[in-house]
Amino acid sequence: MKTTELVSFNKPYLTGQEITFINDAYQRGQLSGDGFYTDKCSEHIKQFIGAQKVLLTHSCTAALEMVALLLRIKPGDEIIMPSYTFVSTANAFCLRGGTPVFVDVQSSDLNIDLDVVEASITINTKAIVAVHYAGFSCDMERLSEICDKNDIILIEDAAQALGSSFKGRMLGSFGALSCFSFHETKNIICGEGGALVINDKNYIDRAHIIREKGTDRTNFINGLVDKYTWRDIGSSYLPGELNAAFLYAQLKLINEITSKRVSLWNTYYEQLTFLKEKGIILRDKPIINRGNGHLFYLILRSEAMRDKFIEEMNKRDVQCVFHYIPLHLSEYGSNISKYFSLPVTEGYSKRLVRLPLWLDNMPVDRVIDSVKESITFLDLM
Ligand SMILES: *Cc1c(COP(=O)(O)O)cnc(C)c1O
């Protein structure tokens, strides 16, 4: 008979204030986008990151699509990115006819390997997308130099990285354009939501137009023109006010939420470091760079062991999951991309497993005990 409650893999954290702000937005009567709460959120993120401009979107996917439109991606353009990422990183550029060039990640942190990045640059390279896996970045100083030297635009897919920094500088502030996600699986959430961070002023005007269905409606609302018209291609990328009101409650507590997640991450790290002696790989604890406790993963010794581990954890009522199927191995991705050999991506993605990590009294000790038991059990097999 089971006596323990299931520890689910994810549980969205609610601050309790969301409903208060949603109620206020309801009272204010503006439900479409770019109202009181959208302004509050954009300003909050702008200050937090130290950005030139922040535009809320309805997802990180939407923000990435805006990036592809802003860069005027066209067939023939190449965009360097990891294959080990969420599908939207690539899809946004494919929608414009661009070609993803998949590069391998480095085993130490599963972020793009900068030596491979440099070797993959061609005359057609338009942009490099850094995906901050698990909320940790690669060497952003060196990557910025590579981009500057080759006249290539640096983009950050910072979907997982709100609140993380590289040498004291916030992630999201390095790219000419950077994208965040507020999907319920991320640290700061509103169900579905995202933001486009603009650090190069030259993109601001056109970003407003692209986000408002290709019109200069933003200028109209701000009283800069007396009517608004069709100015460029675009789509509808803005979230409604109810979502922004929800998000604002979360953003107000970003420091508390981040430090609680980091402390769970640290507990996992400290209690599970001994696994290294068993040939299991843990990401090193960063010394200079600050993470945001977004996700905690283990690299087991083989794919069979990973699958068995998930099974054993399930028997102990702890849900663990893995991701991603590398994009270059998917049927669609393999046909529309360029890549050479990606040994780390292929090797590690089969062996990676993520442990539950959420606030609201997650029974971390029970998860750790289950990991210890499952590993011992697997070692005895
Ligand atoms: C979650 C995630 C996305 C997509 O975010 P949405 O807000 O769901 O569109 C994109 N890239 C990465 C790396 C992600 O983790």
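Counting starts at 1 for both ligands and their atoms, following the listed order.
- The hydrophobic cluster containing I188 also contains F48, counting ILVMFWY residues as joined when their side-chain heavy atoms lie under 4.5 angstrom apart, directly or transitively.
- Stacking of R354 on the aromatic ring of F9 is not recorded, the 6.0 Å distance cut-off and the 45° axial limit not both being met.
- Neither the backbone nor the side chain of F180 comes within contact range of ligand 1; no heavy atom lies under 4.0 Å.
- Considering backbone and side-chain N/O of S88, none are found under 3.5 Å from N/O of ligand 1.
- Remark: ligand 1 and E192 share no N or O pair separated by less than 3.5 Å (distance only, no angle test).
- If you look at S59 next to ligand 1, the close heavy atoms, those under 4.0 Å, come from the backbone and the side chain alike.
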For salt bridge (charged side-chain N to carboxylate O under 4.0 Å, His left out), just list the numbers for K149 and E118, CA-CA rounded to whole Å, side-chain angles, deciding distance to a tenth of an Å, and then say yes or no.
-> CA-CA 11 Å; K149 197 172 73 192; E118 275 199 295; 3.3 Å; yes
Would you sort out whether H323 and Y297 count as a ring-ring contact (aromatic ring centres under 6.0 Å, His included), showing the intermediate values?
-> CA-CA 10 Å; H323 69 175; Y297 66 88; 8.6 Å; no
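- Counting only heavy atoms of the protein, atom 12 (C) of ligand 1 lies nearest to A159 CB, 3.4 Å.
- Under the 4.5 Å side-chain heavy-atom criterion for Ile, Leu, Val, Met, Phe, Trp and Tyr, V344 and M81 are members of the same hydrophobic cluster.
- Using a 3.5 Å distance cut-off with no hydrogens or angles, the side chains of E18 and T15 do pair a donor with an acceptor.
- Residue-ligand proximity: G193 is placed with a non-hydrogen atom under 4.0 Å from ligand 1.
- Looking from atom 1 (C) of ligand 1 to the surrounding protein, the closest heavy atom is K186 NZ, 1.7 Å.
- Just one of R231, R206, R217 meets the salt bridge (charged side-chain N to carboxylate O under 4.0 Å, His left out) condition when paired with E212; it is R217.
- Closest protein heavy atom to atom 9 (O) of ligand 1: T61 OG1, 2.5 Å.
- Closest heavy-atom approach to atom 10 (C) of ligand 1 within the set Y133, F86, F182, Y324: this belongs to F86.
- The atoms of ligand 1 that sit less than 4.0 Å from any heavy atom of V131 are 13 (C).
- There is no side-chain donor-acceptor pair under 3.5 Å between E65 and S235.
- Among all protein heavy atoms, the one lying closest to atom 15 (O) of ligand 1 is Q160 NE2, 2.9 Å.
- Ranking protein heavy atoms by distance to atom 7 (O) of ligand 1, first place goes to S181 OG, 2.7 Å.
- Contacts between D157 and ligand 1, counted as non-hydrogen atom pairs separated by less than 4.0 Å, involve the side chain only.
- At least one N or O atom of C60, backbone or side chain, sits closer than 3.5 Å to an N or O atom of ligand 1.
- A donor-acceptor pair shorter than 3.5 Å cannot be found between the side chains of S374 and E312.
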